[in-house]
Protein chains: 2
Amino acid sequence: MAERNNNEGEELAVLDEEQASHMAELFQALGEASRIKIISALTSGPKNVGALAAETGFSESSVSHHLRGLRLLRLVRAEKQGRRVFYRIDDHHVLEIFRCGLDHVTHS
Amino acid sequence: MAERNNNEGEELAVLDEEQASHMAELFQALGEASRIKIISALTSGPKNVGALAAETGFSESSVSHHLRGLRLLRLVRAEKQGRRVFYRIDDHHVLEIFRCGLDHVTHS
DNA sequence: TTAATGTATGAAGCTATATTCATATGTTCA
DNA sequence: TGAACATATGAATATAGCTTCATACATTAA
């Protein structure tokens, strides 16, 4: 076996495959400038797809694709209002991580 | 102009291209299970390439490639000791973000 | 110096993903 | 009902990235 995930008291082991994958998924969702901009736009409140597209400069299709991924990961939540769909950041962890990343970038 | 990066007092604008790219770079570096495992292994102290390869189950070449990227982004720091090179997490922000992500994954 | 060890790196192949285009679904208004 | 609007989605193309392999570089030991 190539990996050692046992917790047999020796020392803190490397994360197992599932934990590592989940964490990677989370960070990967934030690991692209397009999505960073979208999430950044959402930090000031819920917005619909068209507004996000206009604000970020991406096509509505592209924004919608990204939002789908973020939705599946539960980083954003969708709420339908008429023919519009408003998205908001779903998890306070997400905002925390986002701000932490912003800190890292601005204070360096 | 497709984007609005002006801070003319209206409301907090979307991050500019450079900020967004830097944040994305940071998160992308954490956005892969291999690197998450490597960084996880480094949370318990400095380790050399061979040790990291053994602990994570990846080839030394692969680990070295990953470390190069992490090094260039200043997420880890290298220190040569004889013919070994020990790596450590370079920035407390990195550890913060890592733990935040771990929280997000474990408490959900 | 030669051999062995530890790490770094370029190239190649393969997989993953982002954006666009076309189209589908659903909603409001006339 | 039909037309315009808002969003979603599948397919396709293009680009990026990961792992492996081969090899180079650096250090230590003999």
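Letters A, B, ... are given to chains in the order of the sequence lines, protein chains preceding strands, and every chain is numbered from 1. This one's a predicted model, so the numbers in the text were calculated from it and none came from an experiment.
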Nearest of dC18(D), dA18(C), dA8(C) to any side-chain atom of Glu32(A)? dA18(C)
Hey, does Phe86(A) reach any base, or is it just sugar-phosphate, or nothing, if we go heavy atoms under 4.0 Å? nothing
Just compare dT7(D), dA22(D), dT19(C) and give me whichever is closest to any side-chain atom of His66(A). dT19(C)
Less than 4.0 angstrom between a side-chain N/O of Arg68(B) and OP1 or OP2 of dC18(D), yes or no? no
Look at the side chain of Val49(B) and decide which nucleotide, out of dG10(D), dT9(C), dT7(C), has an atom nearest to it. dT7(C)
When the distance from CD of Gln28(B) to P of dC18(D) is rounded to whole Å, what number comes out? 7 Å
Tell me: CD of Gln81(B) to C1' of dT27(D), nearest whole Å? 13 Å
State which of dT9(C), dT7(C), dA26(D) makes the closest approach to the side chain of Val85(B). dT7(C)
Would one find a side-chain N or O of Asn48(B) under 4.0 angstrom from OP1 or OP2 of dG6(C)? no
Using a strict cut-off of less than 4.0 Å between a Lys/Arg side-chain nitrogen and an Asp/Glu carboxylate oxygen, indicate whether Lys37(A) and Glu55(A) qualify as a salt bridge. no
Between Ser62(A) and Arg84(A), whichever has its closest DNA chain D nucleotide further toward 5' is Arg84(A)
On the 0 to 90° scale, with breaks at 30° and 60°, tag the His93(B)-His107(A) ring pair as parallel, tilted or perpendicular. parallel
Report yes or no: is there a donor-acceptor pair, N or O only, under 3.5 Å between the side chain of Ser61(A) and the base of dT7(D)? no
Quick one: is Lys80(B) getting a side-chain N or O under 4.0 Å of the dA26(D) phosphate, OP1 or OP2? no
Stacking between His65(B) and dT9(C), defined as ring centres under 5.5 angstrom apart with planes under 30°, is that present or not? yes
For Arg35(A) and dT19(C), is the shortest distance between a side-chain N/O and OP1 or OP2 below 4.0 Å? no
Short question: side chain of Ser62(A), backbone of Phe58(A) - any donor-acceptor pair under 3.5 Å? no
Out of dT7(C), dT9(D), dT19(C), which has the shortest distance to the side chain of Glu60(B)? dT7(C)
Would you say a side-chain N or O of Ser59(B) is under 4.0 Å from OP1 or OP2 of dT20(D)? yes
Any N or O donor-acceptor pair under 3.5 Å from the base of dC18(D) to the side chain of Ser34(B)? no
Out of dT9(D), dA4(D), dA29(D), which nucleotide sits closest to the side chain of Arg83(B)? dA29(D)
